[in-house]
Amino acid sequence: MQTWSLVSICVLLGVVVRWGVSLNSYSGAGKPPMFGDYEAQRHWQEVTYNLPLQEWYFNTTDNDLNYWGLDYPPLTAYHSWICAYIAKIINPDWVELHKSRGYESPTHKLFMRTTVLVADLLVYIPAVVLYCLYLTDGSSKKKVSTLLCFLLYPGLILIDYGHFQYNGVSLGFALWGILALGLGWDVSGSMAFSLALNYKQMELYHALPFFCYLLGKCIKVGLMGRGLFLLVRIAATVLATFALCWLPFLSDPSQALQVVRRIFPVARGLFEDKVANTWCSLNTLIKIRSILSGDSQLYLSLACTLLAVLPSSFRLLTKPTFWHFKLALANSSLAFFLFSYQVHEKSILLAALPACLLLNDLPLVAIWFLQASTFSMLPLFLKDGLLVPYAVTSLAFLFLSIYLLSALDHCSEDELRLGAYNKLFFCLPRMDLARIVRWKFYISVAVMAGLSIVSVALVPPPHLPDLFPVMLSMAAFLHFFGTFVYFHVVQFSGPPSRKSQKKNN
Amino acid sequence: MAAPADSGCWFPALALGVSFLKCLFINAYHSTDFEVHRNWLAITHSLPVSRWYYENTSDWTLDYPPLFAWFEFGLSHVAQHFDRNMLQVENLNYASPSTVLFQRLSVIFTDVVFIYAVRECCRCVQVRKGSRDVLSRPSFVLAVLLLWNFGLLILDHIHFQYNGFLFGFLLLSVAKHLQSQHLQGALLFAILFNLKHIYLYVAPAYGIYLLRSYCFTQDNKDGSVRWTSFSPLRLLALGGIVVSVCALSFGPFVAMGQLPQVLSRLFPFKRGLCHAYWAPNVWALYNVLDKGLAVLGVRLKLLEEAELPRASMTGGLVQEFQHSVLPSVSPSVTLVCTLLSILPAVVSIWWRPRGARGFLRCLLLCALGSFMFGWHVHEKAILIAILPLSILAVESREDAGIFLVLTTTGHYSLFPLIFTPAELPIKVSLMLMFTIFSFTALRKLHSGQRSLLRPVEVAYLLGLVAVAIACEVVFPLSPWQQRLPFLPLLATSVYCSVGVSYSFLRLYGSLLRCEDKPKQL
């Protein structure tokens with residue numbers, strides 16, 4: 001069969017699954033007074049449509065910032081504004097100022113879900129298709145398999161189409177950036193990534209690898225000659241893109257400052273809820289938030305994040321290849337997730353994108369990590385009433401990806417790139433690392449399944465109401481930390497050998 | 001999609017994949033058939049057997065044969081662990097989340113029968129040597145065509161019915177015949193038509209085939225029947241199987257003296273010639289011709305408008321209506337037409353039996369013939385032809401061409417079943433997925449110089465795309481939406497009926513042409 005038909009079948013299947021999930025409930029459905037992210041997005045449409053641009057980010061009589069005030073960069077605001085225009089044409093009640101608060105109806109849900117699908121079809125899905133076709137190795141069948149797994153990653157689908165957000169747009173722009181960099185179009189790549197940054201500030205998780213890769217490439221070409229020219233061109237593109245996105249806010253410095261203040265709310269604390277990062281997990285042992293003041297928490301997390309990010313970025317700077325770039329993206333986003341300030345459980349999606357990029361190269365670990373990342377958001381899904389789609393999509397992803405990428409067959413020590421471990425632990429007797437990894441995988445899947453069932457079926461003891469979410473986030477944290485260490489080892493153990501590449505195909 | 005290892009291990013992946021996909025549609029729209037089956041669960045669970053076919057609290061009375069009622073009875077014992085309230089007859093239109101979950105899951109789990117049947121069918125397909133690529137292996141293509149069948153997915157898992165379970169029996173019985181295990185095949189078919197009597201339409205094919213090819217053990221040299229080779233023992237075995245299954249199913253009701261009541265529930269001839277939405281068959285064309293002649297007559301002043309019977313033919317619940325110009329059609333006329341249409345096929349397999357594949361072809365023609373000429377045919381019945389035709393399509397080039405035309409039009413004619421805007425993306429994407437796969441996979445399978453389709457067929461299918469766009473996109477935005485709400489349904493069924501009739505004729509042609517040059521299969 002021709003590749004085009006397989007690709008279109010995969011894309012259509014991706015659309016069907018997305019739409020199937022979107023038939024379910026969304027965050028905050030029927031829960032006044034605050035509702036959830038769905039209402040936040042609707043509220044942004046209302047605000048951007050009815051208020052002049054100067055008031056979008058300010059607390060005014062018509063714009064109560066305490067009720068889902070706009071706290072994303074300008075591109076998100078523009079996107080809401082466009083959606084609001086379409087909403088206005090279909091039904092003006094949806095975006096009427098003040099009166100539309102908490103508006104919910106089946107038609108409106110359909111409209112909102114459609115906007116997510118349209119955004120996905122325009123930005124995210126084409127990028128995934130092109131990435132899998134042009135930047136993964138192997139036969140066309142292998143490419144198509146990777147494509148299907150990439151498209152069916154449950155975490156993103158459940159958050160965007162269940163919980164309700166537009167992560168596909170920011171991740172899609174980032175992916176366009178990665179794609180362009182992989183194809184050698186550095187200038188357009190940096191533009192795409194600037195767009196991603198301007199859509200969602202969380203994309204900063206990916207910023208350092210982009211910066212290091214491009215800088216490293218310029219240095220490699222020669223900072224005194226063509227490299228400098230390239231650097232100037234990239235810098236100019238980034239500046240121009242940012243200027244274009246921020247143009248309406250640049251006329252008045254107070255405007256721009258207010259936007260920045262809204263985007264980076266430092267006053268919200270080290271972490272919220274139960275997120276599977278270091279601080280929250282450490283909290284079960286030491287109550288950091290009561291020991292340290294707010295500012296020192298901020299500095300501590302900043303220092304730790306920098307420390308965690310630096311090694312992989314430095315490595316990328318000295319070896320700016322696409323392989324190292326992908327790994328650095330995973331490492332940097334995981335470092336940010338694990339150590340930075342005010343992390344949400346949904347931010348794991350930023351680490352999931354680079355993991356998806358590695359599906360073809362390191363199938364087992366990528367699948368394992370992606371599964372754990374979906375699992376880490378379970379409390380959120382349970383709150384939103386997304387249990388059935390969660391169970392169905394994660395099981396389907398697990399089975400399909402393991403089958404399609406034959407992950408369990410391709411896990412020799414060489415293919416898992418475990419050689420470095422043997423060098424590190426040369427004093428210990430040699431073990432069959434591949435088998436250990438495989439067993440760890442089985443156990444971890446069993447643990448994830450068990451914890452999922454337990455947190456759904458059992459009622460926690462009354463004196464420990466958060467028992468299951470804490471256990472869940474601890475388990476997920478262990479997975480993330482393990483993956484973080486593993487990706488570092490792979491990144492520092494040298495480029496993939498040609499031989500194992502060939503075998504993979 | 002890319003199976004790395006050897007054959008066979010792709011099958012569980014396909015089956016599991018589609019089962020997971022079905023689970024995603026749990027919260028999708030469901031039709032009144034959902035309430036029908038909930039009501040049947042309640043009836044069979046809370047009432048004694050003697051009341052089953054008399055109960056009429058709900059409009060949706062039990063109108064399937066007794067074995068299906070027992071099936072619902074079995075399901076209701078699981079249902080009570082989900083939500084007891086769904087098992088009360090008075091709880092009309094009860095659809096709590098756990099009821100929905102249970103009913104949907106019951107469809108998904110009983111599809112195991114279908115999955116098993118597909119596996120058996122895939123075993124019967126002749127494997128060509130040399131095709132190492134999984135994607136171009138006939139058994140793989142057949143598995144996808146059956147397991148991922150668009151019509152079955154939307155009919156069972158969105159619209160809500162138990163067709164997968166029932167088709168499981170049909171395909172399994174066909175597979176048994178292909179494997180020459182005729183008694184098992186007969187048993188499965190006997191169970192099937194005691195589950196849903198619509199399958200009686202294909203009974204002539206079974207009857208004649210078993211009589212001719214199983215009860216007569218030898219043929220003459222020229223292929224005609226050798227009367228002396230008749231084996232009464234075999235006939236007795238067959239008869240015993242069929243009679244005992246029927247006795248098991250209907251026996252209790254005969255004993256209670258309720259047979260007439262049961263039969264009156266099973267065959268309600270009070271319904272109209274066509275279903276609320278016309279199935280794409282001959283009567284749809286007939287109705288349109290009548291309407292057209294009436295309009296023309298009024299225009300030319302040959303007819304008085306006041307004299308014409310005023311009834312909108314697609315007016316939802318208006319069941320009986322009169323034709324204005326052409327003679328009205330009575331149930332007996334449709335019965336005669338149906339019998340006439342299947343007669344040549346049945347005679348042909350008596351005259352020149354061509355093994356199990358000839359039987360399959362005859363079964364298809366029976367299904368299609370009754371679809372074309374039957375009384376009050378549902379558009380869903382087209383699946384009885386589409387699914388078994390998949391088996392022939394992966395084996396022969398000509399059948400593949402017929403399959404593509406019939407499946408595309410038949411599946412498209414199912415579109416009006418799912419009319420809610422929320423499910424529109426699902427039905428369009430699934431349909432495209434299935435169509436793209438069937439076109440490219442069958443083409444690859446029968447790799448040759450010529451295209452599988454003739455130019456006329458290509459033009460017709462492109463026209464279908466135009467009709468689809470007009471009905472789904474243009475029409476809802478146009479001013480006619482208010483005045484002529486039934487226009488898209490009319491256009492769909494008329495356009496599709498052309499394609500279905502064409503496939504019917506071509507299938508007949510293929511049967512009769514085979515007759516000239518008998519081929520051993």
Side-chain angles (χ1 to χ4, degrees), chain A residues 1-25 106-107 109-111 113-114 117 121 138-149 152 157 385-389 391-400 402-406 409-410, chain B residues 1-5 9-10 12-29 97 100-101 104-105 108 133-136 140-141 144 148 150 153 157-158 420-445 447:
Chain A
M1 270 166 83
Q2 293 96 329
T3 312
W4 72 262
S5 67
L6 287 177
V7 167
S8 47
I9 288 169
C10 288
V11 170
L12 286 167
L13 190 60
V15 170
V16 169
V17 170
R18 280 166 167 70
W19 200 257
V21 170
S22 84
L23 296 173
N24 291 283
S25 172
T107 342
K109 179 183 167 192
L110 186 63
F111 165 73
R113 299 292 201 199
T114 315
L117 184 68
L121 281 173
S139 64
S140 66
K141 248 186 339 190
K142 178 104 186 164
K143 287 178 181 177
V144 171
S145 308
T146 316
L147 171 66
L148 188 60
C149 298
L152 291 186
I157 298 179
L386 295 171
L387 175 63
V388 174
V392 170
T393 50
S394 6
L395 280 176
F397 177 76
L398 188 65
F399 282 119
L400 266 184
I402 286 192
Y403 168 72
L404 286 177
L405 303 173
S406 38
D409 306 329
H410 288 303
Chain B
M1 225 134 271
C9 79
W10 45 261
L14 278 180
L16 263 178
V18 78
S19 303
F20 284 128
L21 187 67
K22 292 166 185 173
C23 292
L24 281 181
F25 301 150
I26 286 176
N27 282 327
Y29 148 85
V100 174
L101 184 70
R104 292 286 196 196
L105 285 181
I108 294 167
D133 184 12
V134 179
L135 291 175
S136 51
F140 176 84
V141 176
V144 178
W148 288 74
F150 163 77
L153 276 178
H157 303 280
I158 298 181
T420 44
E423 279 73 19
L424 182 77
I426 292 182
K427 79 173 175 185
V428 173
S429 313
L430 275 178
M431 168 89 183
L432 277 178
M433 232 165 91
F434 185 82
T435 312
I436 291 175
F437 178 83
S438 53
F439 272 77
T440 47
L442 285 176
R443 179 150 194 192
K444 178 89 192 283
L445 204 57
S447 53

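Each chain gets a letter, A, B and so on, in the order its sequence line appears, and its residues count up from 1. These numbers come from the heavy atoms of this one structure, side chains and all, not from hydrogens, waters or symmetry mates.
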Which region of B/Leu432, side chain (C-beta onward) or backbone (N, CA, C, O), has a non-hydrogen atom less than 4.5 Å from a non-hydrogen atom of chain A, or is it both or neither? both
Hey, does B/Trp148 have a side-chain heavy atom less than 4.5 Å from the side chain of A/Leu13? yes
Listed by chain and number, what are the salt bridge (Lys or Arg N to Asp or Glu O under 4.0 Å) partners of B/Lys427, not counting sequence neighbours?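 Salt bridge (Lys or Arg N to Asp or Glu O under 4.0 Å) check on B/Lys427 returns B/Glu472.
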What pairs with B/Lys22 under salt bridge (Lys or Arg N to Asp or Glu O under 4.0 Å), at least two apart in sequence or on another chain? B/Asp111
Just do the side chain to side chain contact (heavy atoms under 4.5 Å, CB included) check on A/Trp19 and B/Glu423 with the steps written out, would you? CA-CA 8 Å; A/Trp19 200 257; B/Glu423 279 73 19; 6.0 Å; no
A/Val15, A/Val388, A/Leu395: which one forms the most heavy-atom pairs within less than 4.5 Å of chain B?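 Among the listed options, the one with the most contacts to chain B is A/Leu395.
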Could you check which of A/Val21, A/Asn24, A/Leu400 has the highest count of heavy-atom pairs closer than 4.5 Å to chain B?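 Among A/Val21, A/Asn24, A/Leu400, the one with the most close pairs to chain B is A/Asn24.
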By a 4.5 Å heavy-atom criterion (distance strictly below it), what part of A/Thr393 contacts chain B: side chain, backbone, both, or neither? side chain
